[in-house]
Amino acid sequence: MTGAFYVTTPIYYVNAEPHIGHTYTTVVVDTLARYHRMAGEPTFFLTGTDEHGEKVAEVAEQRGETPTAVADRYSKAFRSTWDELGFSYDRFIRTTDPDHVAMVQLILQKVYDAGEIYFQEYEGLYCVGCERFLTERDMADGLCRDHDRAPERRKESNYFFRIAKHFNWLSDTIEKHPDFIRPPGFRKETLAMLREESGLGDLCISRPKDRLSWGIELPFDGDYVCYVWFDALINYLTAVGYPDGPDFERLWGAAEHVIGKDILKPHAIFWPILLRVIGAPLFRHLNVHGHWNVDKRKVSKSLGNMISPLAMKQRYGFDAFRYVLLRDMVFGLDANFTEAGLVARINADLANNLGNLVSRTLNMTARYSGGRVPQPGAPDDLENEIAEAAPRTAAQVDRHLRRCEVSRALEAIFGFLDGVNRYLETRAPWKAARDGGEEAKRLVSTSLYTACEALRVTALMIAPFLPATAPAILERLGIPGALEGARLPDDVARWGVLAPGTPTVKGPALFPRIEPPAEDA
RNA sequence: GGCGGUGUAGCUCAGUCGGUUAGAGCGGCGGCUUCAUAAGCCGUAGGUCGUUGGUUCGAGUCCAACCACCGCUACCA
């Protein structure tokens, strides 16, 4: 596993503060990036903001500001939030960055020169509410489906990108590479969109400046700006120096996009076609996740249920919050978030299972072994089982993460911890400690050593998921630097690394149990 | 309207190529234990596998229709 790893979040549109949805995507990508770094793969993690388009121009207009000022403010909100949450991104890109603007124009020109863009005047039904032309499918009984108002007849000229003629090979590609778009539900949905009857046609990629000026100008016609999706998708190339930057070839071939299901179409259809047209290889995988509902309702500004990640960090600690996000959404399906559910999950997994295991192990080490890692005796079957379960678990984590199945990866790790708790129950060192005989002493030392080792490898395995917790555990085990240079999954198979005699620290509860919130009447 | 997804124990979900008495975690209940964050361990809970009708020796697992919820339908992760 020495290949590179290039992983991206979508760029977030600058019309709202970061909420649970943006946070989830970014947490997943951060976890993948951390994992692949620990797997020894040169990794590049890209996130950023999408800043052009009508919505931003509108907000600026309303407040008497420039679009630039509005974009700056929101972009900073994202960036400072991501920084405070400790995300390990390598670049925070903005679609207003000069290198990106230049890249978009370079690519537009390239596509234009290739004859893949045509100019067309058309007359159609325009909905003022949507600020776009409607097709028959957008209407019901002659009214706009979304705004319930009659569209007006308008004439406009625009540039179109010939995408329809590419649907066949794209379909074939998706058929031949079953995991190109995953999980499979979204692959099927994409194939359905590509079938003729879906009515998907060529893509309008321009907006006349008199309608919208906040965008990147078309290099071949100064009266138009570029349609936002065209602008936005290209950020993935800008960041790796298309077409001949030093890292381009290495990174681009390993590109993994992570998106929410709402932006499937641009990523699954427009993007591969654009890449093909400019002669760039396709990305490796498009990983599509579902949406979080909050208290069984859609996340929306008007409901005020956006869930601020900073508030969650303050209340529960960010490791705990990110654990719940990663654990409680099956990648690809929708999930429901409630604060009661979050507390239940934190208590069951982080406090009772992991936290308490750390606590009991280190407490016994303090009591029965003078606060030092004991010298183990010869391992027996039970010890061997734990030592063998560890690399087996690490292999499962590896397999799951390479498929983007983050919740499954965590299930595997916490299953391993269940086993360690059971192991302690069976060995019951606290009983043997009362006995005091030679054999009993050996049992205490061996079982505590095994538990400490199990915690050590657990810390390695959870590091990508709980980046603050992992070093905290290792510090208590007396090996604060153990994460440096650690390799996953291989190092988990190296059992017996912890040196007997190493001083340990019990410390306060890693994840204190949280009182469940009062039930609403 | 079109397309797609989901529907399995109170909750969140597994269920590979169809095959003996449908599984896990959480919660609940009973017991054990006391090293530990009233944590841990053991046992248990009987859910018409959305509905109906098919294919089959046999279907949660394939087919059809229907119902419910959700999503997309060109700027909400």
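Here the structure is a predicted model, which is why all the values come from computation and not from measurement.
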Visitor: Quick one: stems involving RNA chain B, counted as three or more successive Watson-Crick or G-U pairs, both distances short of 3.5 Å.
Guide: B:1-7 with B:67-73, B:10-13 with B:23-26, B:28-32 with B:40-44, B:50-54 with B:62-66

Visitor: How far does the P atom of B:C13 sit from the matching atom of B:C3, given to the nearest Å?
Guide: 27 Å

Visitor: How far does the P atom of B:G23 sit from the matching atom of B:G43, given to the nearest Å?
Guide: 15 Å

Visitor: Test of understanding: with side-chain contact (heavy atoms from CB on, under 4.5 Å), list the residues that count as partners of A:A232, not counting sequence neighbours.
Guide: A:I11, A:D50, A:W229

Visitor: Just jot down the salt bridge (Lys or Arg N to Asp or Glu O under 4.0 Å) partners of A:R360, sequence neighbours excluded, or say none.
Guide: A:E425

Visitor: Can you tell me the distance, in whole Å, between the CD atom of A:E411 and the C1' atom of B:U12?
Guide: 10 Å

Visitor: Going by the rule salt bridge (Lys or Arg N to Asp or Glu O under 4.0 Å), which residues pair with A:R345 if we only count those two or more places apart in sequence or in a different chain?
Guide: A:D328, A:D349

Visitor: For atom P, what is the distance between B:G30 and B:C35, given to the nearest Å?
Guide: 24 Å

Visitor: Can you sort out the partners of A:W82 under ring-ring contact (aromatic ring centres under 6.0 Å, His included), two or more places apart, ordered by chain and number?
Guide: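 ring-ring contact (aromatic ring centres under 6.0 Å, His included) check on A:W82 returns A:Y12, A:F78, A:F87.
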
Visitor: Partners of A:R79 by salt bridge (Lys or Arg N to Asp or Glu O under 4.0 Å), sequence neighbours excluded?
Guide: none

Visitor: Within the structure shown, what part of the strands sits under 4.0 Å from A:G260 by heavy-atom distance: base, sugar-phosphate, or nothing?
Guide: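 Result for A:G260 = sugar-phosphate.
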
Visitor: Using a cut-off of 4.0 Å between protein heavy atoms and nucleotide atoms, how would you tag nucleotides 31-40 of chain B 5' to 3' with B, S and -?
Guide: --SSBBB-SB

Visitor: How far, in whole Å, is B:G50 from B:C11 if one measures between their P atoms?
Guide: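 14 Å, rounded to whole Å.
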
Visitor: Does the side chain of A:E51 pick up a donor-acceptor pair with the side chain of A:T96 at under 3.5 Å?
Guide: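 The criterion, which ignores hydrogens and geometry beyond distance, is satisfied for A:T96 and A:E51.
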
Visitor: Rounded to the nearest Å, what distance is computed from the CZ atom of residue A:F414 to the C1' atom of nucleotide B:C13?
Guide: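 After rounding, the reported distance stands at 17 Å.
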
Visitor: Looking only at atom C1', what distance separates B:C29 and B:G54, rounded to whole Å?
Guide: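 It works out to 42 Å between them.
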
Visitor: Got a sec, which residues hit side chain to side chain donor-acceptor pair (under 3.5 Å) with A:N235, two or more places apart in sequence or on another chain?
Guide: none

Visitor: Of the nucleotides B:A14, B:G71, B:A77, which has the atom closest to the A:H22 side chain?
Guide: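 Nucleotide nearest to A:H22's side chain: B:A77.
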
Visitor: What contact category does A:W229 fall into here, base, sugar-phosphate, or nothing, at under 4.0 angstrom with non-hydrogen atoms?
Guide: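 The residue A:W229 makes sugar-phosphate contact but no base contact.
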
Visitor: Distance alone, cut at 3.5 Å: any donor-acceptor contact between the side chains of A:N158 and A:R207?
Guide: no

Visitor: What interatomic distance, in whole Å, is found between C1' of B:C62 and the corresponding atom of B:G15?
Guide: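 B:G15 and B:C62 have their C1' atoms separated by 16 Å.
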
Visitor: Pairs of donor and acceptor atoms involving the side chains of residues 363-370 of chain A, under 3.5 Å and at least two apart or interchain, shall be tabulated with distances.
Guide:
residue	atom	partner	partner atom	Å
A:T365	OG1	A:T361	O	2.7
A:S369	OG	A:R372	O	2.7

Visitor: State whether A:K261 and A:D334 are salt-bridged, where the test is any N-O pair (Lys NZ or Arg NE/NH1/NH2 against Asp/Glu carboxylate O) under 4.0 Å.
Guide: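 Salt bridge present between A:K261 and A:D334.
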
Visitor: Quick one: side-chain contact (heavy atoms from CB on, under 4.5 Å) partners of A:E405, sequence neighbours excluded?
Guide: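 Only A:H400, A:R403, A:R408 meet the side-chain contact (heavy atoms from CB on, under 4.5 Å) criterion with A:E405.
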
Visitor: For the side chain of A:E189, counting heavy atoms from C-beta on, which of B:A77, B:A14, B:G71 is nearest?
Guide: B:G71

Visitor: For nucleotides 61-68 of chain B, give me one character per nucleotide, 5' to 3': B if any protein heavy atom sits under 4.0 Å from the base, S if the only such contacts are to the sugar-phosphate, - if neither.
Guide: --------

Visitor: Quick one: A:M329 CE to B:G71 P, roughly how many Å, whole number?
Guide: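 That distance rounds to 13 Å.
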
Visitor: Regarding A:R427, tell me which of base, sugar-phosphate or nothing describes its non-hydrogen contacts under 4.0 Å with the strands shown.
Guide: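 Counting heavy atoms under 4.0 Å across all strands, no contact is made by A:R427.
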
Visitor: In whole angstrom, what separates A:F416's CZ from B:A24's P?
Guide: 22 Å

Visitor: Within the pair A:K188 and B:G5, is there a side-chain N or O less than 4.0 Å away from OP1 or OP2?
Guide: yes

Visitor: Pick base, sugar-phosphate or nothing for A:N287, based on heavy-atom distances below 4.0 Å to the nucleic acid.
Guide: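 The answer is nothing, as A:N287 stays clear of every strand by at least 4.0 Å.
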
Visitor: Please report the distance separating the C1' of B:U51 from the corresponding atom of B:U6, rounded so that it comes out in whole Å.
Guide: 16 Å

Visitor: If you find the nucleotide of RNA chain B closest to A:G53 and the one closest to A:F186, which residue's nucleotide is nearer the 5' end?
Guide: A:F186

Visitor: Using the ring of each side chain (for Trp, its six-membered ring), is A:Y236 parallel, tilted or perpendicular to A:H267, with breaks at 30° and 60°?
Guide: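 It falls in the tilted class, 30° to 60°.
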
Visitor: Hey, does A:H52 reach any base, or is it just sugar-phosphate, or nothing, if we go heavy atoms under 4.0 Å?
Guide: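 Touches nothing.
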
Visitor: Taking any heavy-atom pair under 4.0 Å as a contact, classify A:Y13: base, sugar-phosphate, or nothing.
Guide: base

Visitor: Nearest nucleotide by nearest heavy atom, which residue falls closer to the 5' end of RNA chain B, A:R408 or A:D202?
Guide: A:R408

Visitor: Regarding A:D262 and A:H291, do their side chains bring together a donor and an acceptor under 3.5 Å, going by distance alone?
Guide: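 The answer is yes; a qualifying pair exists.
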
Visitor: What distance, rounded to whole Å, do you find between the two C1' atoms, one in B:C26 and one in B:A9?
Guide: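 Those two atoms are separated by 12 Å.
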
Visitor: Would you mind reading off the distance between A:E54 atom CD and B:A74 atom P, rounded to a whole angstrom?
Guide: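 Computing the A:E54:CD to B:A74:P distance gives 13 Å.
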
Visitor: Distance check needed: B:G71 P versus A:D334 CG, whole Å only.
Guide: 8 Å

Visitor: Test of understanding: with salt bridge (Lys or Arg N to Asp or Glu O under 4.0 Å), list the residues that count as partners of A:D97, not counting sequence neighbours.
Guide: A:R91

